[in-house]
Amino acid sequence: MKFVQTDQAPQAIGPYSQGMVVNNMFYSSGQIPLTPEGSLVEGSIEDQTHQVFSNLKAVLEEAGASFSTVVKVMVFLDDLSDFNAVNAIYADYFGDHRPARSCVEVSKLPKGAGIEIEVIALVK
């Protein structure tokens with residue numbers, strides 16, 4: 001097992017790592033719209049989603065993976081009416097790649113975020 005750690009994404013806000021590589025698979029912790037410095041992006045769901053994808057890109061790269069090697073995505077929204085807006089941004093980041101995905105509405109996310117995403121990816 002290898003712990004994944006990069007300063008290009010926010011540090012964990014609890015006793016966990018940004019992600020783990022086990023064999024050739026990367027498992028990310030959930031990413032919320034925190035900047036690498038730890039400030040919450042409080043703008044629109046679009047602004048928050050872009051920040052989450054920026055964080056995911058950083059941890060994926062540190063792990064030796066990328067959006068093109070993601071096999072599973074879990075999306076958590078505090079308001080499912082944001083589904084279409086998030087989907088449009090999601091499509092931009094994944095292009096023609098279509099990993100398996102789940103998307104659920106939750107009552108609350110850490111730090112009052114509107115979105116959290118975690119991924120599982122194949123390490124190159």
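Just so you know, these numbers use all the heavy atoms, side chains as well, and skip hydrogens, waters and symmetry mates.
- Using modelled atom types, one finds a donor on one side chain and an acceptor on the other under 3.5 Å when comparing Thr35 with Glu37.
- For Tyr90, the ring pair (Phe, Tyr, Trp, His ring centres under 6.0 Å) partners two or more places apart in sequence, or in a different chain, are Phe94.
- Of the inter-residue distances, the one linking Lys124 atom NZ with Ser68 atom OG reads 5.0 Å to the nearest 0.5 angstrom.
- Phe53 is not connected to Val41 by any chain of hydrophobic side-chain contacts under 4.5 Å among Ile, Leu, Val, Met, Phe, Trp and Tyr, and they are in different clusters.
- Both Ile89 and Leu60 sit in one connected hydrophobic cluster of ILVMFWY residues. Membership requires side-chain heavy atoms under 4.5 Å apart, directly or through other members.
- Legend: residues meeting ring pair (Phe, Tyr, Trp, His ring centres under 6.0 Å) with Phe76, ordered by chain and number and at least two apart, are absent.
- Looking at heavy atoms from C-beta onward, Arg101 lies in side-chain contact with Asn87 at the 4.5 angstrom threshold.
- The same ILVMFWY cluster, assembled from side-chain heavy atoms under 4.5 Å apart, contains both Met1 and Ile120.
- Pairs of residues two or more places apart, or lying in two chains, that qualify as salt bridge (charged side-chain N to carboxylate O under 4.0 Å, His left out) and include a residue from residues 49-70 are Lys57-Glu61.
- Within a 6.0 Å radius of CZ in Phe3, no more than 12 heavy atoms belonging to other residues, nucleotides or ligands are found.
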Show me the donor-acceptor pairs within less than 3.5 Å that the side chains of residues 21-33 make with the rest of the protein, sequence neighbours left out.
residue: Ser28; atom: OG; partner: Val119; partner atom: N; Å: 2.8
residue: Ser28; atom: OG; partner: Val119; partner atom: O; Å: 3.4
residue: Ser29; atom: OG; partner: Ser17; partner atom: O; Å: 2.4

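- In terms of heavy-atom proximity, Thr6 sits nearest to Gln18 at N-OE1, 2.7 Å.
- In plain terms, the two heavy atoms of Pro99 and Val73 that are nearest each other are CG-CG2, 3.9 Å.
- The backbone N or O of Ile45 sits less than 3.5 Å from a side-chain atom of Thr49, completing a donor-acceptor pair.
- Between Ile13 and Leu34, some side-chain heavy-atom pair lies under the 4.5 Å cut-off.
- Listed by first and then second residue, the ring pair (Phe, Tyr, Trp, His ring centres under 6.0 Å) pairs that reach into residues 102-124 come to none, sequence neighbours excluded.
- For the 3.5 Å distance criterion, the side chains of Asp47 and Gln51 fail to qualify, holding no donor opposite an acceptor.
- With hydrophobic clusters built from ILVMFWY side chains whose heavy atoms lie under 4.5 angstrom apart, Met74 does not share a cluster with Phe67.
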Side-chain donor-acceptor pairs of residues 102-117 under 3.5 Å, sequence neighbours excluded:
residue: Glu105; atom: OE1; partner: Leu80; partner atom: N; Å: 2.7

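- The two residues Ala9 and Gln11 have their closest heavy-atom pair at O-NE2, 3.4 Å.
- Hydrophobic clustering of Ile, Leu, Val, Met, Phe, Trp and Tyr side chains at less than 4.5 Å, counting indirect connections, keeps Met20 apart from Val59.
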